[in-house]
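Everything on this sheet refers to the single structure shown next.
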Amino acid sequence: MEKGFFEKTYDVVKQIPYGRVTSYGAVAAFLGSRGSARMVGWAMNSSKNLPENIPAHRVVNSSGLLTGKQHFGGGNIMVELLESEGVIIENDKISNFMDVFWDPASEL
DNA sequence: TTGCTGACCGACG
DNA sequence: CCGTCGGCCAGCA
């Protein structure tokens, strides 16, 4: 049986290396559905319900902007998590996005 | 069951 | 540069 969209999404996100980030669109494209980027974010939202720890903070939008920051408790938890991993964030946006960007289609 | 919504992205004017 | 629209899939009332 083929894995569902959510399972595949979790699988990819969990494989994001330390100090690296990726975009919803990149994950969606890797899964085969470029237009289903929204589903990736939706999977992250559902990931809270999972017993496993999904590094959803390593997933941002194509601009490197931490759009899902507010879903991490309303504070800047996501920012601090990424900064603790060496990611430079400025104004809720990753400055060295190109340096820390991890493309599943290329790396995986 | 139908219909709306959602942490997005790319295209168009 | 900025606002708007369509597409994609799954969960929920």
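Chain letters run A, B, ... following the sequence lines, proteins first, then strands; residues in each count from 1. For the numbers below, each heavy atom of this structure counts, side chains included, while hydrogens, waters and symmetry mates do not.
- With sequence neighbours excluded, no residue forms a salt bridge (Lys or Arg N to Asp or Glu O under 4.0 Å) with A/K93.
- Nearest-nucleotide positions on DNA chain C place A/R38 closer to the 5' end than the other of A/F6 and A/R38.
- Contacts classified as salt bridge (Lys or Arg N to Asp or Glu O under 4.0 Å) and involving residues 97-108 of chain A (residues at least two apart or in different chains) are not found.
- Taking a 4.0 Å limit (strictly below) on heavy-atom distances, residues 46-71 of chain A reaches DNA chain B at A/A56, A/N61, A/S62, A/T67, A/G68, A/H71.
- A/T9 has its side chain within reach of A/M44: a pair of non-hydrogen atoms, C-beta onward, lies under 4.5 Å apart.
- Annotation: salt bridge (Lys or Arg N to Asp or Glu O under 4.0 Å) contacts of A/E52 (sequence neighbours excluded): A/K14.
- Across C/dC2 and B/dA7, the matching P atoms stand 22 Å from one another, rounded to whole Å.
- The list of side chain to side chain donor-acceptor pair (under 3.5 Å) pairs with a residue in residues 32-44 of chain A, not counting sequence neighbours, is empty.
- A/S23 is not listed as a side-chain neighbour of A/V59, based on a closest heavy-atom distance of 4.5 Å or more.
- Think of the region where chain A sits on DNA chain C: with heavy atoms and a 4.0 Å cut, that region ends 5' and 3' at C/dG7 to C/dG11.
- Contacts of A/E85 classified as side-chain contact (heavy atoms from CB on, under 4.5 Å), with partners at least two apart in sequence or in another chain: A/Y18, A/H57, A/R58.
- A/S62 meets the side-chain contact (heavy atoms from CB on, under 4.5 Å) test with no other residue; sequence neighbours excluded.
- Taking a heavy-atom distance under 4.0 Å as the criterion, the stretch of DNA chain B touched by chain A extends 5' to 3' from B/dG6 to B/dG10.
- Sorted by first and then second residue, the pairs that involve residues 69-108 of chain A and meet ring-ring contact (aromatic ring centres under 6.0 Å, His included), not counting sequence neighbours, are A/F97-A/F101.
- Within residues 90-106 of chain A, no residue has any heavy atom closer than 4.0 Å to DNA chain B.
- A/E7 is linked by a side-chain contact (heavy atoms from CB on, under 4.5 Å) to A/K3, counting only residues two or more places apart in sequence or in another chain.
- A/I89 pairs with exactly one of A/L65, A/V60, A/V79 by the side chain to side chain contact (heavy atoms under 4.5 Å, CB included) rule, that one being A/V79.
- Residues A/I94 and A/N96 are in side-chain contact: their nearest non-hydrogen atoms beyond the backbone lie under 4.5 Å apart.
- In this structure the side chain of A/M39 never reaches within 4.5 angstrom of the side chain of A/Y24, judged on heavy atoms.
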